[in-house]
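Have a look at the structure below before the remarks.
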2 protein chains.
Amino acid sequence: MHPDLSPSIPAAVGASLSGTNLERAGDHNQRVTLQAIRVGGPITRAELAEITGLTAPAIANITKRLLVEGLIVEAGRLLGQRGQPAMKLAINPNGCFSVGLNIDRDHISLVVLDLAGQVRARATREVDYALPDEVAEFARTELSAILATGTIKAKRLVGLGVALPDDLGKVHLPHQPDDYAIWDRTDLRTLFSGLPPLPVLVENDAAAAALGEAQFGLGLRHPSFFYLLISQGLGGGLVLDGQYFRGAEGRSGEIGFLPVRPATGPAYSLQDAVSLSALFNHMAARGYRLTQPDDLLSLDKGGQAALADWIAKAAGLLSGPMLSISCLINPQAVFVGGRLPGPVVDDLVAATNSRMAAECGQVPILAPLRRAAMAADAPAVGAAILPFNQRLLPGRSVLMKTAED
Amino acid sequence: MHPDLSPSIPAAVGASLSGTNLERAGDHNQRVTLQAIRVGGPITRAELAEITGLTAPAIANITKRLLVEGLIVEAGRLLGQRGQPAMKLAINPNGCFSVGLNIDRDHISLVVLDLAGQVRARATREVDYALPDEVAEFARTELSAILATGTIKAKRLVGLGVALPDDLGKVHLPHQPDDYAIWDRTDLRTLFSGLPPLPVLVENDAAAAALGEAQFGLGLRHPSFFYLLISQGLGGGLVLDGQYFRGAEGRSGEIGFLPVRPATGPAYSLQDAVSLSALFNHMAARGYRLTQPDDLLSLDKGGQAALADWIAKAAGLLSGPMLSISCLINPQAVFVGGRLPGPVVDDLVAATNSRMAAECGQVPILAPLRRAAMAADAPAVGAAILPFNQRLLPGRSVLMKTAED
DNA sequence: TCACTTTAGTTCTGTTTATGACTTATGGTA
DNA sequence: TACCATAAGTCATAAACAGAACTAAAGTGA
């Protein structure tokens with residue numbers, strides 16, 4: 001595991017043994033209210049009171065604070081009904097921003113996200129095996145350019161989230177330069193000290209993508225899901241009741257390592273067959289040398305047949321693990337995201353779903369695969385959510401003595 | 001799903017949108033403190049303040065309340081150190097009790113548990129396909145007898161927990177009487193109204209067993225685990241960060257339904273091969289007619305060989321799903337409980353672990369199987385914990401507007 | 001037109017609960 | 001025996017929400 005990832009695995013039962021006090025309770029209520037506004041769109045104070053279970057005066061106080069802080073705005077009155085028309089409240093899209101950075105072996109990308117969930121600025125560099133200095137320079141340059149446009153105030157930035165694969169500096173891939181292992185020894189918090197002084201939060205890419213889907217994607221309607229991230233490798237993330245579950249050693253969702261044992265030939269791991277690099281290898285073996293995912297959309301007849309073969313094979317390999325997920329975890333759905341083009345994801349999802357239906361036997365409930373609302377940008381967007389989560393949104397925040405304190 | 005099980009699946013994000021108030025916060029702190037005493041054994045107020053993050057006066061107030069309520073007792077002073085000797089506090093084993101009832105197709109059992117986790121009374125009836133009236137009569141008779149001894153005061157009972165298989169009235173098994181389907185239409189809360197008027201809480205048996213293991217078994221040291229319950233059928237339960245995860249439709253842990261597709265022959269489900277009834281069938285086919293699990297401990301050579309064959313086969317079938325659990329969920333361990341005799345569980349655990357080690361390939365971390373601390377009684381004990389959880393122990397209790405309110 | 005109704009939202013007071021400073025208690029240590 | 005360290009209680013204070021009363025503003029209908 002990367003040294004920066006999940007720095008604090010909670011001690012046994014300790015996590016649930018924290019008391020709370022009035023300040024914490026108030027903070028929690030403010031976070032809950034903000035989240036209710038974020039999720040419920042423009043919403044009146046009376047509705048907020050109903051949803052949160054708080055009383056009208058409490059909501060009045062909390063919304064007053066949120067208005068003063070500029071996190072929400074008044075968004076028109078609700079006319080046409082009896083009684084005093086209610087003032088609707090909505091997230092202030094310029095109220096606060098967060099920076100998300102995704103580092104992967106074949107690209108680095110940066111987004112600026114607002115609290116309403118809109119990507120307000122984006123920058124990507126397609127570069128293989130970028131080293132820390134290059135990434136830091138990229139982040140500094142792009143962020144300066146974004147801030148220079150003036151639409152985003154530096155003071156409104158609440159933090160920097162970084163999403164990167166667990167094994168970035170660990171696994172040595174064939175074409176990987178030797179010094180790439182430096183990532184394993186890099187402290188990301190100091191690496192980005194050249195930026196405006198922001199809190200830096202780190203998460204693995206699949207987890208970040210899952211978090212993004214939970215907060216701003218289909219997860220809003222499906223609080224428990226497995227997120228399947230098909231990028232350079234194959235990763236996954238588990239969101240249960242709206243909460244990301246990291247696993248005992250921070251390795252939940254490592255679906256890519258699942259062993260596949262074919263009837264003949266040696267065993268291999270699932271991501272050797274189902275991943276962007278596996279797909280590129282498959283296509284190359286058929287004589288189609290692709291350089292980027294979008295090349296998959298402009299294939300000739302033969303290329304399309306090769307792609308269809310890969311999809312059928314991938315669906316066959318995925319259906320078993322997906323059945324396991326359905327039975328063991330029973331999430332509402334499995335969302336598929338990553339860097340595959342949308343139509344290819346759709347085909348893979350359909351093929352896997354029908355494979356599962358054919359194989360399911362007595363399985364009582366199948367969690368259907370669906371294309372995720374966030375795909376290519378998902379890890380970066382998810383990374384950007386981390387600071388929001390820590391500062392503004394409800395979580396385990398009612399508890400005292402967090403790792404940071 | 002049984003109608004009584006998980007009556008309130010939380011609406012999407014709503015679960016996390018509840019505000020809190022002072023009373024709730026205070027209640028939460030009291031629950032947290034009680035749990036800290038329960039888990040931490042005899043413990044001083046100063047240590048409680050350290051663990052919970054509350055201040056000494058707050059702990060003083062809370063412990064005073066707990067002492068008045070009789071839930072904790074003073075347990076000797078801590079001498080031999082500088083300063084005033086601290087008073088150690090411990091759970092009052094006679095402070096409160098809970099009744100747990102396990103209903104299964106081949107037996108019904110009842111336990112009375114105290115808050116310290118001790119089974120204070122126990123009753124079992126080995127009866128096939130007991131009907132509701134019979135179970136109610138059993139519970140009434142046994143509970144009266146227990147209360148008649150006088151060691152347990154009726155006033156100190158906080159509730160009745162019931163654990164039963166999800167599909168008790170649903171699935172129709174070969175030897176099952178037709179009227180057994182009445183379970184599906186039975187309201188358990190009214191069924192047990194003949195008892196002292198206790199809150200009745202219902203949970204499926206695997207979930208209850210997992211909960212029991214989490215609160216009073218190995219789960220205290222391993223907050224995230226999968227519990228594998230081998231009883232008449234095969235079930236499972238998922239505990240993550242000390243919290244039982246029920247699944248989107250309340251069907252997490254349904255490992256028994258996982259399809260097995262052998263190289264030759266038709267597909268079947270895992271519990272057709274790995275379960276007490278499957279084992280009995282296997283032994284019967286070899287000429288060994290067993291009537292109860294303990295018969296497995298007194299087999300002759302041939303019987304032992306037949307048992308070993310079954311264990312090898314079961315280990316081979318379990319290793320795949322167990323690898324999936326390791327990769328996808330990454331729990332600290334998998335605990336195996338149920339009605340198999342301990343030595344048989346040990347053999348099965350060892351066989352499965354070595355099978356997994358052989359097959360794991362690149363899997364970064366394996367969750368080892370271990371024999372659960374609670375086995376045969378686990379569902380009943382877990383059921384008895386439900387009322388404790390609702391009334392006394394911390395959970396999602398900081399939130400307002402629970403399903404009950 | 002105008003009083004009435006209805007709903008939104010604020011103000012004020014009261015309650016609960018934890019905190020902080022201070023005090024008391026009690027046994028070890030020099 | 002004087003001193004010190006630690007435990008734990010007391011009291012006043014602050015923070016936060018609840019409840020009741022009040023004001024505001026729009027629709028309703030005679």
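Chain letters run A, B, ... following the sequence lines, proteins first, then strands; residues in each count from 1. Given the structure is predicted, the values throughout are model-derived calculations rather than measurements. Quick note: numbers below take in every heavy atom, side chains included, and nothing from hydrogens, waters or symmetry partners.
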For this session: Measure from CG on Asp27(A) to P on dC17(D) and round the result to the nearest Å.
Result: 10 Å
Problem set entry | Basic-acidic side-chain contact under 4.0 Å: Lys88(B), Glu47(B) | no
Exercise. Between dG19(D) atom C1' and Glu23(B) atom CD, what is the distance in whole Å?
Worked result: 13 Å
Exercise. Does a side-chain N or O from Asn21(B) land closer than 4.0 Å to OP1 or OP2 of dT16(C), or not?
Worked result: no
For this session: Indicate yes or no for a side-chain donor-acceptor contact from Gln35(B) to the backbone of Leu393(B) under 3.5 Å, with no hydrogens or angles considered.
Result: no
For this session: Write down the distance between CG (Leu48(A)) and C1' (dA8(C)), rounded to a whole number of angstrom.
Result: 13 Å
Exercise. Of the non-hydrogen atoms in Thr55(B) and Ala49(B), which two are nearest, and what is the gap between them?
Worked result: C-CB, 4.3 Å
Exercise. Nearest-Å distance, CG (Leu54(A)) to C1' (dT16(C))?
Worked result: 16 Å
Problem set entry | Closest contact, heavy atoms only, Ile91(A) versus Ile37(A) | N-CG2, 3.7 Å
For this session: Nearest whole angstrom, please: distance from the P of dT19(C) to the CG of Leu22(A).
Result: 8 Å
Exercise. Arg24(B) CZ to dA18(D) P: how many Å, rounded?
Worked result: 11 Å
Exercise. Which is it for Arg38(B) and Gln215(B) under the side chain to side chain donor-acceptor pair (under 3.5 Å) test, yes or no, and what are the steps along the way?
Worked result: CA-CA 10 Å; Arg38(B) 208 171 69 61; Gln215(B) 291 277 342; 2.3 Å; yes
Problem set entry | Minimum-distance nucleotide to Ala86(A) side chain [options: dA16(D), dA18(D), dG9(C)] | dG9(C)
Problem set entry | Length of the line joining Arg45(A):CZ and dA24(D):P, which is rounded to integer Å | 16 Å
Problem set entry | Nucleotide dA7(D), atom P - distance to CD of Glu50(B) in whole Å | 11 Å
Exercise. Where do Tyr244(B) and Leu238(B) come nearest, in terms of heavy atoms and distance?
Worked result: CD1-O, 3.2 Å
For this session: Check whether more than 12 heavy atoms from other residues, nucleotides or ligands sit under 6.0 Å from atom CZ of Arg65(A), and answer yes or no.
Result: yes
Exercise. Tell me, for nucleotides 20-29 of chain C in 5' to 3' order, what letter each nucleotide earns: B for a base near a protein heavy atom under 4.0 Å, S for only sugar-phosphate near one, - for neither?
Worked result: BB---BBBBS
For this session: Taking the side chain as every heavy atom from C-beta outward, state whether Leu211(A) and Asn389(A) have any atom pair closer than 4.5 Å.
Result: yes
For this session: Between Asn61(B) and Gly26(A), name the one whose nearest nucleotide on DNA chain D is closer to the 5' end.
Result: Asn61(B)
Exercise. Heavy atom of residues 64-75 of chain B under 4.0 Å from DNA chain C: which residues?
Worked result: none
Seminar exercise, completed: When every non-hydrogen atom of Thr63(A) is compared with those of Ile72(A), the smallest separation belongs to O-CD1, 3.9 Å
